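The figures that follow rest on heavy atoms only: side chains count, while hydrogens, waters and symmetry mates do not. The structure presented is a predicted model; accordingly, all values stated were derived computationally and were not measured.
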Amino acid sequence: MLLMMIRRKLSLIHGLMRMMMTVIHGAMIMMMTPIKRARVEIQEIVQDNLQASTSHIHIQQNSVASTSKVACTHPGTFGDMCICCGERLAAETGVTLGYIHKGLRLGNDEIVRLRNTDTKNLLRNRKLYLVLDLDHTLLNSTQLIHLTPEEDYLKSQIDSVQDGLNGSLFKLDFMHMMTKLRPFVHEFLKEASQMFQMYIYTMGDRAYAHEMAKLLDPGRKYFHDRVISRDDGTQRHQKGLDIVLGQDSAVLILDDTENAWTKHKENLILMERYHFFASSCRQFGFECKSLSQIKSDESESDGALASVLKVLRKIHQMFFDELADNLDGRDVRQVLGTVRKDVLKGCKIVFSRVFPTQFQAENHHLWKMAEQLGATCCREPDPSVTHVVSAEAGTEKSHWARKNDKFLVYPRWIEAANYMWQRQPEENFSINQPTKQ
């Protein structure tokens with residue numbers, strides 16, 4: 001029964017972990033039998049599965065005697081016991097992969113080997129990796145006690161959890177919570193799964209992560225057990241690709257929080273936050289009404305997920321069909337950077353009263369964002385400037401923009417282009433001229 005559970009959990013590794021987990025099963029047997037007998041049983045299990053496995057774990061199979069002559073490299077542990085030789089190890093090394101199975105820890109060398117092998121197999125199948133955040137990216141949740149009087153109407157509009165694929169608003173009484181799935185999320189996951197092997201990675205706890213995964217993927221078609229929570233991370237308040245079994249060069253990330261990925265910003269596609277509930281707006285200090293309060297929602301066809309899906313299709317197509325180098329040598333981060341730089345290509349921007357006084361302009365996030373999108377930024381206006389980005393209409397540079405027939409837009413124009421991955425109509429972000437007295 002336990003072996004079946006372990007094998008089911010490890011289906012997410014595309015068979016690469018089959019050998020590993022049969023050996024883990026052998027290590028579990030050791031906990032109940034003398035070490036010498038357990039080693040014989042491990043050998044029998046390994047021999048039965050060698051032909052079907054793609055793993056390259058080298059274990060001597062001739063006899064218990066020959067096994068004892070080969071020093072075990074201890075590729076991983078289950079609890080405090082080596083999954084290969086059964087030796088109890090005092091020191092903890094490597095990375096814990098608790099989301100795969102509780103107590104499983106693999107050494108750094110073994111993780112590198114698995115990551116390389118799994119990535120090669122995935123690329124041969126024309127797939128990359130996609131790591132997805134939950135809150136404000138795929139959905140929005142709130143505690144029931146935080147619902148405002150304006151949101152009481154939602155309680156009569158909830159969908160059945162058992163009918164997850166046809167619903168979007170769910171009340172989870174046992175968690176005292178209500179969750180709203182982002183519009184287009186089911187279509188997004190279905191199409192993205194054709195191009196990517198997908199992970200969930202959330203700063204929520206493990207129980208919350210798995211409940212949200214059930215709402216998003218009730219049939220367990222997209223994520224299987226690739227659901228990572230804050231309990232699985234290796235660094236406090238940070239997310240990292242060290243526990244994702246894929247090479248960084250083949251991973252894309254969708255998340256609304258850039259600071260959560262300080263070591264992997266080149267892999268990140270920043271998502272505009274989904275604020276359906278009022279508590280979500282309050283959490284980030286926004287004074288505006290939430291979508292639920294104004295009884296509205298994002299567009300299915302033109303919303304954030306539909307827009308980013310187009311970007312993912314483009315990146316996937318460029319990665320597999322347009323790059324000329326060896327498949328193993330390709331880097332999706334370079335493709336992402338190329339696609340990003342096309343968004344505001346040809347735009348030359350000067351800023352006016354957007355940055356605090358004495359602030360180093362080149363270090364401001366809007367300056368950096370504009371450059372990442374392909375724009376050229378400068379401090380003073382000249383005839384080649386195309387846009388003046390200002391916080392108000394009465395500045396000297398704002399007057400210059402109107403006089404010289406340049407676009408005069410709010411900073412939100414750059415942010416919108418960043419989230420939507422295309423240049424936005426300037427008239428939607430145009431600064432009105434100051435009212436004449």
Can you see which heavy atom on [X] is nearest to which on [Y], and at what distance?
X	Y	value
L106	E110	CD2-CG, 4.5 Å
H316	R126	NE2-O, 2.8 Å
T386	K406	O-CB, 3.9 Å
M212	L172	CE-CD1, 3.5 Å
F277	M178	CE1-O, 3.7 Å
S307	M420	OG-CE, 2.9 Å

Quick one: are [X] and [Y] in side-chain contact, heavy atoms under 4.5 Å?
X	Y	result
T73	D109	no
Y274	P183	yes
S168	D159	yes
L245	Q197	no
C84	H74	no
L305	L138	yes
V389	L366	no
Y199	V251	no

Give a yes or no answer on whether the side chain of [X] reaches the backbone of [Y] with a donor-acceptor pair at less than 3.5 Å.
X	Y	result
K265	E258	no
T257	N259	no
R115	G246	yes
S398	S352	no
R330	F319	yes
H364	F359	no
Q235	G240	no
R182	E298	no
N404	W400	yes

Sidechain N-carboxylate O distance under 4.0 Å for D242, K263
no
[X] [atom1] to [Y] [atom2] distance, which is reported to the nearest 0.5 Å:
X	Y	atom1	atom2	result
D231	R206	CG	CZ	4.5 Å
L134	L254	CG	CG	11.5 Å
E266	Q334	CD	CD	9.0 Å
L344	R423	CG	CZ	7.5 Å
K127	F320	NZ	CZ	10.5 Å
I200	L189	CD1	CG	8.0 Å

Run the numbers on H101 and F78 for side-chain contact (heavy atoms from CB on, under 4.5 Å), then give the verdict.
CA-CA 9 Å; H101 197 280; F78 193 73; 3.4 Å; yes
Using a distance-only test with no angle check, is there a side-chain donor-acceptor pair under 3.5 angstrom linking [X] and [Y]?
X	Y	answer
E371	W367	yes
N267	Y129	no
Y419	D256	no
E427	S430	no
T262	Q238	yes

Tell me, with the steps shown, if Q283 and H146 meet side-chain contact (heavy atoms from CB on, under 4.5 Å).
CA-CA 11 Å; Q283 176 186 347; H146 294 153; over 6 Å; no
Parallel, tilted or perpendicular: which describes the rings of [X] and [Y], with under 30° parallel and over 60° perpendicular?
X	Y	answer
H387	W413	parallel
W261	Y201	perpendicular
H275	H136	tilted

Within 6.0 angstrom of [X] [atom1], more than 12 heavy atoms from elsewhere:
X	atom1	answer
E396	CD	no
D342	CG	yes
K190	NZ	no
D152	CG	yes

Applying salt bridge (Lys or Arg N to Asp or Glu O under 4.0 Å), run through R220 and D225 and close with a yes or a no.
CA-CA 8 Å; R220 290 173 54 85; D225 290 303; 3.4 Å; yes
Determine whether L132 and Y222 satisfy the following criterion, side-chain contact (heavy atoms from CB on, under 4.5 Å), listing intermediate values before the conclusion.
CA-CA 11 Å; L132 298 167; Y222 305 135; over 6 Å; no
Salt bridge (Lys or Arg N to Asp or Glu O under 4.0 Å) between E362 and R379, intermediate numbers included:
CA-CA 9 Å; E362 292 83 353; R379 291 177 174 271; 2.8 Å; yes
Would Q247 and N116 satisfy side-chain contact (heavy atoms from CB on, under 4.5 Å), going step by step from the backbone distance to the final call?
CA-CA 7 Å; Q247 290 180 348; N116 291 342; 2.4 Å; yes
Criterion salt bridge (Lys or Arg N to Asp or Glu O under 4.0 Å) on E211 and K214, from CA distance to verdict:
CA-CA 5 Å; E211 288 304 322; K214 290 179 185 177; 3.4 Å; yes
For Y208, run the side-chain hydrogen bond (donor to acceptor under 3.5 Å, both in side chains) check against D135, T202, T179 and tell me which one passes.
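Per the side-chain hydrogen bond (donor to acceptor under 3.5 Å, both in side chains) rule, the option paired with Y208 is D135, out of D135, T202, T179.
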